[in-house]
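Down below is the structure, laid out as structure tokens.
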Protein chains: 2
Amino acid sequence: MTLVIRNSAELQDKVAAWKRSGMLVGVVPTMGALHDGHLSLVKAARAQSDRVIVTIFVNPMQFNNTDDLSKYPRDEARDLALLDEAGVDVLFAPDVAEVYPDGFSTTVSVSGVSAPMEGEHRPGHFDGVATVVAKLFGMTQAGRAFFGEKDWQQLQVVRRMVRDLNLPVTVIGCPTIREADGLAMSSRNVRLSHEDRSMAPLLHQVLQELAASLRAGADVGVALASARAELAAKGFGTVEYLDLRAGDSLAPLAQLEDNARLLVALWLGNVRLIDNIPV
Amino acid sequence: MTLVIRNSAELQDKVAAWKRSGMLVGVVPTMGALHDGHLSLVKAARAQSDRVIVTIFVNPMQFNNTDDLSKYPRDEARDLALLDEAGVDVLFAPDVAEVYPDGFSTTVSVSGVSAPMEGEHRPGHFDGVATVVAKLFGMTQAGRAFFGEKDWQQLQVVRRMVRDLNLPVTVIGCPTIREADGLAMSSRNVRLSHEDRSMAPLLHQVLQELAASLRAGADVGVALASARAELAAKGFGTVEYLDLRAGDSLAPLAQLEDNARLLVALWLGNVRLIDNIPV
């Protein structure tokens with residue numbers, strides 16, 4: 001049975017007991033509305049840790065858009081059933097006042113990797129992510145933390161923070177899980193209209209074709225412009241970014257290099273989709 | 001024999017071995033140029049921990065004034081002899097590149113308690129303090145950390161950060177150690193001219209008289225103004241602040257309350273002195 005804990009003091013007691021027995025704790029930080037992407041992280045955590053904590057916290061500090069925050073899907077009962085079936089030891093689901101009590105006033109900021117793309121289009125987002133992840137690492141005392149590559153830039157921000165603050169946790173990135181039609185799984189996908197949902201997989205298809213053309217030697221600027229045009233032609237909304245970047249530093253690339261990655265954010269109806277693939 | 005470690009990976013191995021044996025690690029973060037104030041922290045750490053690490057790192061990130069940084073006194077050989085005599089297990093003395101390697105880009109910021117006084121007069125100072133202390137906690141994995149009350153505002157900033165980021169460390173504040181004539185011990189005192197050194201204890205005397213007059217019911221604004229005038233008359237330089245504040249939140253007080261504290265920063269010759277006392 002997955003034990004539900006809402007209080008960080010109770011969580012710390014639980015974890016301290018595990019650690020006294022020499023157990024390695026794995027954590028999977030989530031915002032709930034769990035899908036197979038999250039469950040793949042849980043599976044990795046189970047394989048690489050003695051005890052697994054999944055956290056569910058829809059973190060207001062990382063939402064730059066209050067509408068997105070209020071519409072973020074929540075279904076804890078369903079999530080708990082999935083976690084129980086997946087063999088998770090603890091679901092840590094604190095409320096906002098537990099995470100940000102009165103007087104809270106500390107921010108963890110990562111510059112550099114957090115600046116472009118999501119950082120540009122969602123001001124403050126990564127400060128919220130870095131701060132809450134630092135807190136969750138503090139509360140869970142996890143030795144391993146599992147994040148999806150779907151949020152590639154977030155993964156680089158978390159890695160950078162862990163290295164910079166000498167946090168005693170190993171960050172493990174896990175591959176993006178996709179629907180059979182190629183759409184990257186995301187909790188926000190449920191907000192797509194029926195029509196938009198059937199169109200959404202074209203994004204991954206365009207990305208794959210773009211990667212293939214870059215590998216075949218196409219000029220980077222020309223290929224990116226042509227992919228943007230194709231997305232517009234297919235009926236997608238505003239493309240916030242579609243970039244070729246170094247996978248770790250996220251520096252923009254004018255030419256293909258090892259470890260290059262394509263990253264995209266765009267709108268489809270009133271839903272913002274992000275995706276990324278290696279080239 | 002105090003073991004000198006300069007590399008955080010080596011430190012982590014050492015600490016991991018201690019922790020496997022269930023030992024509680026205490027840390028005393030310093031910038032070196034050790035005096036009896038530091039040694040009182042070491043003594044407290046020895047009494048309340050199984051193993052004691054003293055860190056010496058003159059942290060460029062917390063110096064807003066490059067002249068102050070270059071003139072900061074350094075004498076590691078003497079410091080090491082003192083620590084060895086005091087029974088310290090490890091002196092961790094990393095260089096700047098070990099603490100801030102290429103690509104370092106994370107900042108820990110505490111708002112609120114860090115804003116007035118030192119925060120106003122030393123822009124960026126407390127970001128530097130919070131960031132390096134978070135790193136030292138990460139590197140040392142200490143369960144207890146010892147800080148002097150001499151840097152009262154710094155102590156509140158560190159306490160706030162530890163609470164806000166759920167760091168698994170207990171912060172212990174230790175009383176200010178003073179010379180026989182009342183001057184608060186500080187590594188910067190060696191930079192006072194002979195004449196200024198003989199005048200410096202008047203600062204503590206004025207603070208004590210001010211506290212006595214507040215306890216006797218004097219109007220706060222009038223008493224502070226009169227103490228400022230007295231400091232000027234005695235020949236001190238610019239008073240950056242002389243405030244009555246709540247000891248924990250550092251909110252300014254117009255009336256005496258429980259846990260009130262007087263805090264001062266002023267110049268004497270080309271040395272900046274700070275001090276504080278409870279009222």
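Order of the sequence lines fixes the chain letters, A, B, ..., with proteins taken first and strands second; residue numbering starts at 1 for each chain. FYI, side chains are in, hydrogens and waters are out, and symmetry mates aren't considered; it's all heavy atoms of this structure.
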Distance-only donor-acceptor hits, side chain of residues 3-15 of chain A, under 3.5 Å, sequence neighbours excluded:
unit_1 : atom_1 : unit_2  : atom_2 : d
A:Arg6 : NH1    : A:Glu76 : OE1    : 3.3
A:Arg6 : NH1    : A:Ala93 : O      : 3.1
A:Arg6 : NH2    : A:Glu76 : OE2    : 2.6
A:Asn7 : OD1    : A:Ala9  : N      : 2.9
A:Asn7 : OD1    : A:Glu10 : N      : 2.9
A:Ser8 : OG     : A:Glu98 : OE2    : 2.9

Legend entry - Contact summary for B:Gly103 and A:Arg160, nearest pair of heavy atoms: O-CZ, 3.0 Å
Legend entry - Member of A:Val157, A:Leu165, A:Val162 meeting the side chain to side chain contact (heavy atoms under 4.5 Å, CB included) criterion with B:Thr106: A:Leu165
Legend entry - Donor-acceptor contact present, side-chain A:Ser111 to main-chain B:Ser105, <3.5 Å: yes
Legend entry - Spacing of NZ belonging to B:Lys135 relative to CG belonging to A:Leu167, to within rounding of 0.5 Å: 9.0 Å
Legend entry - Proximity of residues 136-147 of chain A to chain B, residues having a non-hydrogen atom under 4.5 angstrom: A:Gly138, A:Met139, A:Gln141
Inset, instruction - Check whether more than 12 heavy atoms from other residues, nucleotides or ligands sit under 6.0 Å from atom CZ of A:Arg46, and answer yes or no. - result: no
Inset, instruction - Count the heavy atoms of every other residue, nucleotide or ligand shown that sit under 6.0 Å from CG of A:Asp95, and state whether that count exceeds 12. - result: yes
Inset, instruction - Under 4.5 Å, counting heavy-atom pairs only, tell me which of B:Asp164, B:Thr107, B:Val108, B:Val99 racks up the most with chain A. - result: B:Asp164
